Amino acid sequence: MNDFNVNRIREDFPILHRKIRGRQLVYFDNAATSQKPLSVIETVSNYYKTLNSNVHRGVHFLSDEATNKYEEAREKVRSFINASSVNEIIFVRGTTEAINLIATSYGNSKISRDDEIIISALEHHSNIVPWQMLCERTGAKLKVIPINDKGEILFDEFEKLITEKTKLISVIHISNALGTINPIKEIIEKAHSRNIPVLIDGAQSTQHCRIDVKELDCDFFAFSGHKIFGPTGIGVLYGKEKLLDEMPPYHGGGEMIESVSFEKTIYNKLPYKFEAGTPDISGPIGLASAIDYINKIGIDNISNYENKLLEYGTTELMKIGDLRIIGTAENKASVISFLAGNLHPYDVGTILDHQGIAIRTGHHCAEPLMKRLGISGTARVSFAFYNTKEEIDLFITALRKAIKMLK
Ligand code: C6P
């Protein structure tokens with residue numbers, strides 16, 4: 001981490017210099033969305049200033065240039081996650097849309113009555129509800145891998161859930177609510193030994209650790225641009241080409257067709273088959289800029305630094321009496337959920353906000369997980385590589401103050 005200079009990095013993020021209620025902003029809500037470096041903001045702004053045009057349609061110069069940038073962005077994403085081909089990179093709105101695409105397109109064509117889909121107790125609503133909707137449509141069944149009290153999935157139980165009726169396994173890589181890092185490589189290996197495809201919800205992992213879809217051998221992988229320092233409204237669905245090729249389109253309309261007549265429509269080839277209508281164009285271009293930024297810092301440097309923040313934050317929080325960390329898995333990313341005594345997380349969050357500290361409170365879109373843990377929600381801090389130990393100190397002081405006030 002010798003060349004990792006957090007103060008230098010912070011200069012790249014204009015919003016980090018904002019004062020909130022007269023105090024220096026401490027932004028610890030990175031799992032909800034990350035902040036953007038100036039290079040990303042300027043890339044998006046320059047797109048509209050100099051490049052704005054529709055893609056894959058025009059014969060004119062601007063359209064050609066916009067199309068090239070859009071497709072260069074696809075190549076950048078391919079290389080970032082080490083996919084085999086740009087045909088495996090589908091631009092979508094975010095993780096939520098990526099999972100809905102699979103649940104609808106793959107689900108409707110490959111899953112039927114009495115088939116089984118396996119998810120885990122750690123899932124975000126985005127990786128629960130689309131499968132429930134599929135089950136309602138088809139009569140398939142949803143099975144859930146249980147977890148222990150630390151927030152780790154029970155691998156033995158997972159193995160027992162697999163049957164000859166299991167048609168898909170869809171699991172979260174890193175829990176947004178607890179920070180647990182799931183053993184996805186082992187899950188994928190086990191699933192593949194039974195010829196079952198696996199979807200990984202990478203919404204909370206792509207910004208924290210190196211993703212290599214070829215090495216993981218996952219069948220589908222989903223992530224959101226806004227959580228990896230890119231714009232909102234753009235995300236990525238990776239899918240193995242063979243599987244995507246066999247799947248029917250998700251949305252119908254322009255761009256996803258080869259030819260249309262009232263008698264028959266021939267669909268476009270990958271990846272365009274899944275990108276109906278005018279896409280978000282500045283989004284992928286902004287996302288490519290975010291990937292450049294991550295590559296410049298180095299994802300391994302990011303992981304190492306964030307692990308130090310996690311360790312420091314956990315140690316300092318544990319010094320506070322009558323405070324419980326929710327989610328104590330052996331393998332964790334830089335997310336810490338906690339409950340202070342019997343104080344309501346919302347009250348804690350509100351008082352922290354008055355001191356310029358942004359955290360998230362509530363069920364974190366993981367209501368079944370909260371139910372499993374016997375709580376209604378938590379206060380959650382989530383760190384990014386531009387956060388500092390000094391900010392953790394400010395947070396701890398403010399939290400002690402909040403606890404004193406609320407008791
Ligand atoms: N979690 C959080 O504060 P979208 O909204 O499509 O970009 O991502 C949805 C999503 C899916 N899976 C996981 C693991 C997630 O964490 C999220 C988003 C945010 O934890 C907002 S609820």
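One-based numbering, in listed order, for ligands and for the atoms of each. Please read these numbers as outputs of a predicted model, since none were measured by experiment.
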Residue pairs passing the salt bridge (Lys or Arg N to Asp or Glu O under 4.0 Å) test with at least one member in residues 20-48, sequence neighbours excluded, are R21-D353, D29-R380
Do the side chains of K308 and E311 get close enough for a salt bridge, i.e. N-O under 4.0 angstrom?
no
Show the numbers, then the answer: is there a ring-ring contact (aromatic ring centres under 6.0 Å, His included) between Y293 and F229?
CA-CA 9 Å; Y293 190 86; F229 320 102; 7.5 Å; no
Please tell me whether F13 and Y27 form a close aromatic pair, meaning their ring centres lie under 6.0 Å apart.
no
Does E75 have any side chain to side chain contact (heavy atoms under 4.5 Å, CB included) partners at least two apart in sequence or in another chain, and if so, which?
R78, S79, V86
Can you list every pair that meets salt bridge (Lys or Arg N to Asp or Glu O under 4.0 Å) and has a residue in residues 216-229, with sequence neighbours left out?
D217-K240, D219-K240
Check ligand 1 for close polar pairs with the protein: N or O on both sides, less than 3.5 Å.
residue	atom	partner	partner atom	Å
ligand 1	1 (N)	H124	NE2	3.4
ligand 1	1 (N)	K227	NZ	3.1
ligand 1	3 (O)	R360	NH1	2.5
ligand 1	3 (O)	R380	NH1	3.4
ligand 1	3 (O)	R380	NH2	2.8
ligand 1	6 (O)	T95	N	3.4
ligand 1	6 (O)	T96	N	2.9
ligand 1	6 (O)	T96	OG1	2.5
ligand 1	7 (O)	S224	OG	2.7
ligand 1	7 (O)	H226	NE2	2.7
ligand 1	12 (N)	D201	OD1	3.3
ligand 1	12 (N)	D201	OD2	2.6
ligand 1	16 (O)	Q204	NE2	2.7
ligand 1	20 (O)	N176	ND2	2.8
ligand 1	20 (O)	R380	NH1	2.8

